Participant: 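First the structure, then my questions, so here it is.
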Amino acid sequence: MIAEPDGPEDRLRRFATIWSRAVFPATSTSLTRPEFEERLLPLARRLSEALGARNLDAEEGKAVGAALVAAHCTDPDALSRTLECVDAYLVLYCGGDGPQEDLRIRSARLQHAMAAGFAQELRERTLAEQEAISVAALQAQGVVAQALHATEARFRAVFEGAAIGIGMADLEGNILQVNGALLRMFGISDQTMGGRNVREWTHPDDAPQTWTLYDELVRGEREHYHVEKAFYRPDGTVLWTNLTVSLLRDADGNPQYQLALMEDTTERRLLNLRLRYEATHDALTGLPNRTLFFERLEKALGAGDNQRFGLCYLDLDGFKTINDSLGHAAGDRLLVEVADRLQSCATAPGEMVARLGGDEFVALTTGPDTEREVDELAGRIMNALITPVSIDGRDLTVRGSIGIVEGPAGERGPAEVLRSADITMYRAKSAGGNRFELADPEADARAITRHGLTTALPAALDRNEFFIEYQPLVHLGDGSVRGAEALVRWLHPQHGVLGPDRFIPLAEHTGLIVPLGRWVLDQSVRQAKQWQERHGGNDATGPLRINVNLSPCQLSHPGLVQDTVDILERAGVSPDALCLEVTESALIGADDDLLKPLRRLAEMGVDIALDDFGTGYSNLANLRRLPVSILKLDRSFTQGMQQFPADPVDLKIVEGIVSLAHSLNLAVTVEGVETGAQAEQLRILGCDTAQGWYYARPGPPERLHELALMDATG
């Protein structure tokens with residue numbers, strides 16, 4: 001099969017060509033250079049296949065090294081040039097698409113094996129030559145002596161000229177010979193190396209199996225082994241190496257020597273350590289980052305019995321204001337100063353501080369008594385933040401909110417612990433900040449439920465999980481049903497029916513209140529149309545009206561007026577059949593831009609009711625400028641009327657409000673009517689309409705039709 005241009009076979013041939021050109025000048029052979037290249041090609045293929053094999057077989061490298069000797073590559077430069085060529089070009093031309101770092105390591109191991117095989121074959125060849133010389137000694141002593149000298153000279157030249165460190169020792173570990181590369185790696189002289197024993201070179205970071213492998217080798221139970229090993233230099237610095245040790249046997253196969261090949265990997269290891277540090281530490285503050293913190297937290301949570309942990313989750317209060325006003329450079333300097341202070345707070349064993357990102361930090365303590373220690377740690381952190389931080393001549397006050405989670409190891413995972421700490425921290429922030437709070441499982445559960453509801457809200461509207469219940473509005477004078485307030489409900493798949501207090505604040509926070517409110521208005525107006533068609537109305541009371549609540553977000557939405565007009569027109573309902581309820585707190589201090597949509601709706605004939613009146617502490621004089629036609633009195637003013645006799649103070653307050661409202665041509669509706677006595681008292685005081693459980697609880701639209709029908713026939 002002919003290989004495609006620049007295919008694997010072409011690349012292998014190119015590597016063999018480069019190899020032959022490098023080694024041929026140092027080879028004693030009668031072959032031409034192309035013929036020599038053809039002899040190296042099978043060896044190149046063996047190296048390529050060994051490099052790409054699933055499990056690296058060092059014996060292949062040893063076989064190639066021995067084959068070089070058989071090819072008469074015994075000149076002093078032959079092995080050195082071969083190893084340099086393999087190091088530079090084997091991965092480049094034969095490495096394929098594998099990870100480069102892994103291929104480099106495998107190439108280095110092949111080089112070690114080649115050198116070992118070369119040395120062993122050369123020594124065996126020397127021994128063979130020595131034996132041949134001994135047999136022919138009587139015939140040609142002079143020739144034999146010359147050949148022996150030449151063979152030993154070639155071996156020593158290869159030994160000394162190798163780029164990697166090579167050392168030989170006997171089976172007792174006494175060092176016999178080392179080459180110059182090894183001496184340079186250790187920074188010592190040949191005289192200093194003489195007389196030393198291999199077993200002196202222990203290091204605290206030695207892998208547990210290192211010396212077990214060594215013992216097996218000198219006993220003849222294994223032929224070689226490869227480990228990563230550290231050595232101490234005489235100046236106290238550490239030399240890291242890739243170490244390959246091979247066993248050399250005599251002609252009878254008995255263990256005789258050990259041969260060590262060393263590659264200096266100190267710089268590579270330092271680079272890896274640096275990369276590891278950068279990957280696990282925050283670049284700005286130098287603190288451990290999220291990655292390293294999670295490793296430590298996971299380890300702490302997996303500790304044995306009687307071990308506990310304590311975690312402080314810190315978020316700076318008002319940090320965004322500093323960034324916005326002074327710039328990000330000042331914010332970064334503030335974070336560095338805070339990090340230094342936090343680091344000084346966590347110096348005891350088992351304590352650490354990390355930066356999760358932005359202005360969020362965590363402090364961790366571990367041990368058997370973290371219930372006390374974590375409180376003390378949080379106190380030290382709060383005290384460390386008291387002193388202002390000077391930035392560009394300005395003293396900045398630093399405040400922080402801390403959420404604390406403490407408990408026994410082994411019960412929760414890192415993500416659950418951090419989520420609880422985060423929830424608790426926001427609880428501390430909501431309570432005013434500059435404080436710390438302890439985690440509360442019930443509060444966590446509520447927060448998690450809120451989060452789940454928030455994420456489920458958009459899909460719930462698409463899946464038609466919302467429905468509306470209606471509570472009748474009854475005229476206190478004649479008891480007739482005048483309309484109803486629309487109250488939205490959420491039929492949640494897991495939590496059942498949820499009232500508006502559970503999800504309306506979440507909808508307002510996420511902005512979903514606008515489409516949800518539009519849907520409620522559309523459904524309610526359509527229902528009002530059905531009531532009109534079934535029940536009609538009379539000249540005195542008019543058609544049944546529908547009251548729909550508006551949130552502050554809807555008030556500021558530019559499409560409010562047009563949406564309302566479109567919904568009324570599509571349903572065929574006149575504007576006077578609609579009342580929009582707005583809470584008093586939403587209109588306190590409202591400017592003309594906010595009131596303009598309400599005025600336009602009021603001019604169209606839509607009634608505007610001021611809901612929860614009396615809870616917002618508004619100036620009563622402001623009622624003159626608000627486009628409202630109805631005051632909806634908060635139930636807190638009428639609760640005292642449920643008992644007999646009624647609270648005289650409440651009576652006076654309600655009487656005053658009703659009088660003021662009527663003087664301004666405003667109708668008064670009362671919420672929360674639960675007894676007949678309460679309803680009668682409100683009628684006497686002049687209230688116009690009321691709603692509450694005394695009349696009916698919120699229910700399906702059919703119930704309102706039944707009440708209206710009873711009222712019409714009664």
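All figures in this text were calculated on a predicted structure; none of them were measured in a lab.
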Participant: Do the side chains of Arg184 and Asp264 get close enough for a salt bridge, i.e. N-O under 4.0 angstrom?
Facilitator: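 No, Arg184 and Asp264 are not salt-bridged.
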
Participant: Looking only at the side chains, is there a donor atom on one of Tyr225 and Glu216 sitting less than 3.5 Å from an acceptor on the other?
Facilitator: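 No, no side-chain donor-acceptor pair sits under 3.5 Å.
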
Participant: Does Glu228 pair with Arg269 as a salt bridge, N-O distance under 4.0 Å?
Facilitator: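 Result for this pair is yes, salt bridge flagged.
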
Participant: Please lay out, stage by stage, how Asp324 and Lys320 fare under the test salt bridge (charged side-chain N to carboxylate O under 4.0 Å, His left out).
Facilitator: CA-CA 6 Å; Asp324 293 343; Lys320 184 178 184 301; 2.7 Å; yes

Participant: Check whether any side-chain heavy atom of Leu364 lies under 4.5 Å from a side-chain heavy atom of Phe293, and answer yes or no.
Facilitator: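 The answer is yes, as the side chains (C-beta and beyond) meet within the 4.5 Å cut-off.
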
Participant: Between the main-chain N or O of Leu92 and the side-chain N or O of Arg11, is there a donor-acceptor pair closer than 3.5 Å?
Facilitator: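 Yes, Arg11 side chain to Leu92 backbone: donor-acceptor pair under 3.5 Å.
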
Participant: Side chains of His112 and Ile164: closer than 4.5 Å at any heavy-atom pair?
Facilitator: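 Yes. Closest side-chain heavy atoms under 4.5 Å.
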
Participant: Which atoms form the tightest heavy-atom contact between Leu239 and Met185, and what is the distance?
Facilitator: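 Closest heavy-atom pair between Leu239 and Met185: CD2-O, 3.9 Å.
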
Participant: Evaluate Asp170 against Leu176 for side chain to side chain contact (heavy atoms under 4.5 Å, CB included), listing each step before the verdict.
Facilitator: CA-CA 7 Å; Asp170 60 23; Leu176 304 177; 4.2 Å; yes

Participant: Can you tell me how the ring of Trp201 sits relative to the ring of Phe186, calling it parallel under 30°, perpendicular over 60° and tilted otherwise?
Facilitator: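 Parallel.
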
Participant: Considering residues, nucleotides and ligands other than Phe36, do more than 12 of their heavy atoms fall under 6.0 Å from its CZ?
Facilitator: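 Yes.
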
Participant: Does Asp206 reach the main-chain N or O of Thr210 with its side chain, forming a donor-acceptor pair under 3.5 Å?
Facilitator: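 Not a single qualifying donor-acceptor pair exists.
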
Participant: Atom CG in Asp215, atom CZ in Arg222: separation rounded to 0.5 Å?
Facilitator: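 Reported to 0.5 Å precision, the distance equals 11.0 Å.
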
Participant: Rounded at 0.5 Å granularity, tell me how far CG in Leu311 sits from OG1 in Thr366.
Facilitator: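 Going from the CG atom of Leu311 to the OG1 atom of Thr366 covers 11.5 Å.
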
Participant: Counting only heavy atoms not in Glu38 (residues, nucleotides, ligands), do more than 12 fall under 6.0 Å from its CD?
Facilitator: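 Above 12, so yes.
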
Participant: Provide the closest heavy-atom pair for Leu292 versus Thr280 in the form atom of the first, atom of the second, distance.
Facilitator: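 It is CB-O, 3.4 Å.
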
Participant: List the steps, then state whether salt bridge (charged side-chain N to carboxylate O under 4.0 Å, His left out) holds for Arg104 with Asp87.
Facilitator: CA-CA 8 Å; Arg104 291 287 182 193; Asp87 183 65; 5.2 Å; no

Participant: Quick check: closest heavy atoms across Leu83 and Ala115, and the distance to 0.1 Å?
Facilitator: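 Scanning both residues completely, I find the closest heavy atoms to be CD1-CB, 4.3 Å.
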
Participant: Report the relative orientation of the aromatic rings in Trp19 and Phe15; use parallel for angles under 30°, tilted for 30 to 60°, perpendicular for over 60°.
Facilitator: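 Geometry flag for Phe15 against Trp19: tilted rings.
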
Participant: Apply side chain to side chain contact (heavy atoms under 4.5 Å, CB included) to Glu360 and Phe319, showing your working.
Facilitator: CA-CA 10 Å; Glu360 296 181 343; Phe319 178 72; over 6 Å; no

Participant: Could you give the distance from OG1 (Thr212) to CG (Leu217), rounded to the nearest 0.5 Å?
Facilitator: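 Atom-to-atom, Thr212:OG1 and Leu217:CG are 12.5 Å apart.
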
Participant: When you compare the side chains of Glu35 and Thr32, does any donor N or O come within less than 3.5 Å of an acceptor on the partner?
Facilitator: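 Yes, Thr32 and Glu35 have a side-chain donor paired with an acceptor closer than 3.5 Å.
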
Participant: Tell me yes or no: between the side chains of Glu351 and Thr347, is some donor less than 3.5 Å from an acceptor?
Facilitator: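 No, Thr347 and Glu351 have no side-chain donor paired with an acceptor closer than 3.5 Å.
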
Participant: Taking only Lys NZ, Arg NE, NH1 and NH2, and the carboxylate oxygens of Asp or Glu, determine whether Glu295 and Lys299 approach each other closer than 4.0 Å.
Facilitator: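 Judged by the 4.0 Å cut-off on N to carboxylate O distance, Glu295 and Lys299 do not form a salt bridge.
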
Participant: Can you name the one residue among Val86, Val64, Leu56 that meets side-chain contact (heavy atoms from CB on, under 4.5 Å) with Leu110?
Facilitator: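 The side-chain contact (heavy atoms from CB on, under 4.5 Å) with Leu110 is passed solely by Leu56 among Val86, Val64, Leu56.
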
Participant: Just one of Glu124, Glu223, Gln256 clears the side-chain hydrogen bond (donor to acceptor under 3.5 Å, both in side chains) bar with Arg249, so which one?
Facilitator: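 Per the side-chain hydrogen bond (donor to acceptor under 3.5 Å, both in side chains) rule, the option paired with Arg249 is Glu223, out of Glu124, Glu223, Gln256.
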
Participant: When you measure from the side chain of Ser48 to the backbone N and O of Ala44, does any donor-acceptor pair fall under 3.5 Å?
Facilitator: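 Here the side-chain-to-backbone pair does not exist.
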
Participant: Are the side chain of Thr265 and the backbone of Trp240 linked by a donor-acceptor contact shorter than 3.5 Å?
Facilitator: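 Yes; at least one donor-acceptor contact below 3.5 Å.
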
Participant: Check Glu37 with Arg13, please: is the shortest side-chain N to carboxylate O separation under 4.0 Å?
Facilitator: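 A salt bridge links Arg13 with Glu37.
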
Participant: Between Arg54 and Arg106, what is the shortest heavy-atom contact and its length?
Facilitator: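 Heavy atoms only, the tightest pair is O-NH1, 3.9 Å.
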
Participant: For the pair Asp250 (side chain) and Gly253 (backbone), establish whether a donor and an acceptor sit closer than 3.5 Å, ignoring hydrogens and angles.
Facilitator: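 Confirmed, Asp250 side chain pairs with Gly253 backbone.
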
Participant: Give the minimum heavy-atom separation between Leu51 and Ser107, together with the two atoms involved.
Facilitator: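 Closest approach of Leu51 to Ser107: CD1-N, 4.0 Å.
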
Participant: Determine yes or no for a side-chain-to-main-chain donor-acceptor pair under 3.5 angstrom, with Asn179 supplying the side chain and Gly165 the backbone.
Facilitator: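 Not at all, since once roles are kept as given, no pair shorter than 3.5 Å links the two residues.
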
Participant: Please walk me through it: do His281 and Thr291 pass side chain to side chain contact (heavy atoms under 4.5 Å, CB included)?
Facilitator: CA-CA 8 Å; His281 286 75; Thr291 300; over 6 Å; no

Participant: Measuring from atom CG of Leu287 to atom CD of Gln343, what distance do you get when rounded to the nearest 0.5 angstrom?
Facilitator: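 If I round to the nearest 0.5 Å, the distance is 5.5 Å.
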
Participant: A side-chain contact here means heavy atoms from C-beta on lying under 4.5 Å apart; do Arg341 and Val389 qualify?
Facilitator: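 Yes, side chains in contact.
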
Participant: Any side-chain heavy-atom pair from Leu259 and Val245 closer than 4.5 angstrom?
Facilitator: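 Counting from C-beta outward, Leu259 and Val245 never come under 4.5 Å.
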
Participant: Please give me the minimum heavy-atom distance between His203 and Ala230, naming the atom from each residue.
Facilitator: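 Closest approach of His203 to Ala230, heavy atoms only: CB-O, 3.3 Å.
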
Participant: Indicate whether any N or O donor in one side chain lies under 3.5 Å from an N or O acceptor in the other, for Asn289 and Asp282.
Facilitator: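 Result is no, nothing qualifies.
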
Participant: Looking at Glu278 and Arg274, does any basic side-chain N land under 4.0 Å from a carboxylate oxygen?
Facilitator: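 Yes, Glu278 and Arg274 are salt-bridged.
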
Participant: With a 4.5 Å cut-off on side-chain heavy atoms, are Leu47 and Cys94 touching?
Facilitator: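 With C-beta onward as the side chain, the pair stays apart.
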
Participant: Indicate whether the side chain of Arg33 and that of Ser20 have a donor and an acceptor atom separated by less than 3.5 Å.
Facilitator: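 Yes, because at least one side-chain N or O of Arg33 sits under 3.5 Å from a partner of the opposite role on Ser20.
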
Participant: Flag the pair Tyr232 / Pro204 as yes when at least one side-chain heavy-atom distance between them is below 4.5 Å, and no otherwise.
Facilitator: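 Yes, at least one pair of side-chain atoms sits under 4.5 Å.
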
Participant: Under 4.5 Å between any side-chain heavy atoms of Ile381 and Phe361, yes or no?
Facilitator: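 Ile381 vs Phe361: side chains apart.
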
Participant: Pair Arg199, Glu172 - check salt bridge (charged side-chain N to carboxylate O under 4.0 Å, His left out), show working.
Facilitator: CA-CA 9 Å; Arg199 291 189 178 275; Glu172 285 71 38; over 6 Å; no

Participant: Determine whether Arg109 and Glu263 satisfy the following criterion, salt bridge (charged side-chain N to carboxylate O under 4.0 Å, His left out), listing intermediate values before the conclusion.
Facilitator: CA-CA 9 Å; Arg109 292 183 61 186; Glu263 178 194 11; over 6 Å; no

Participant: Should the heavy atoms of other residues, nucleotides or ligands under 6.0 Å from CD of Glu267 be counted, would the total exceed 12?
Facilitator: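 Open: at most 12 neighbouring heavy atoms sit under 6.0 Å from CD of Glu267.
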
Participant: Would you find a donor on one side and an acceptor on the other, under 3.5 Å apart, between the side chain of Arg355 and the backbone of Gly358?
Facilitator: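 Indeed, once roles are kept as given, a pair shorter than 3.5 Å links the two residues.
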
Participant: Going by distance alone, is a donor N or O of one side chain under 3.5 Å from an acceptor N or O of the other, for His224 and Ser246?
Facilitator: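 Not at all, the side chains of His224 and Ser246 share no donor-acceptor pair under 3.5 Å.
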
Participant: What distance do Leu247 atom CG and Arg219 atom CZ have between them, rounded to the nearest 0.5 Å?
Facilitator: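 One finds 12.0 Å between CG of Leu247 and CZ of Arg219.
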
Participant: Counting C-beta onward and ignoring hydrogens, is there a side-chain heavy-atom pair between Cys85 and Val23 closer than 4.5 Å?
Facilitator: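 Cys85 vs Val23: side chains apart.
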
Participant: For Phe118, is there any backbone N or O sitting under 3.5 Å from a side-chain donor or acceptor partner on Glu121?
Facilitator: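 Not a single qualifying donor-acceptor pair exists.
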
Participant: Roughly how far, to the nearest 0.5 Å, is CG of Asp332 from CG of Asn323?
Facilitator: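 Rounded to the nearest 0.5 Å, the CG-CG separation comes to 7.0 Å.
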
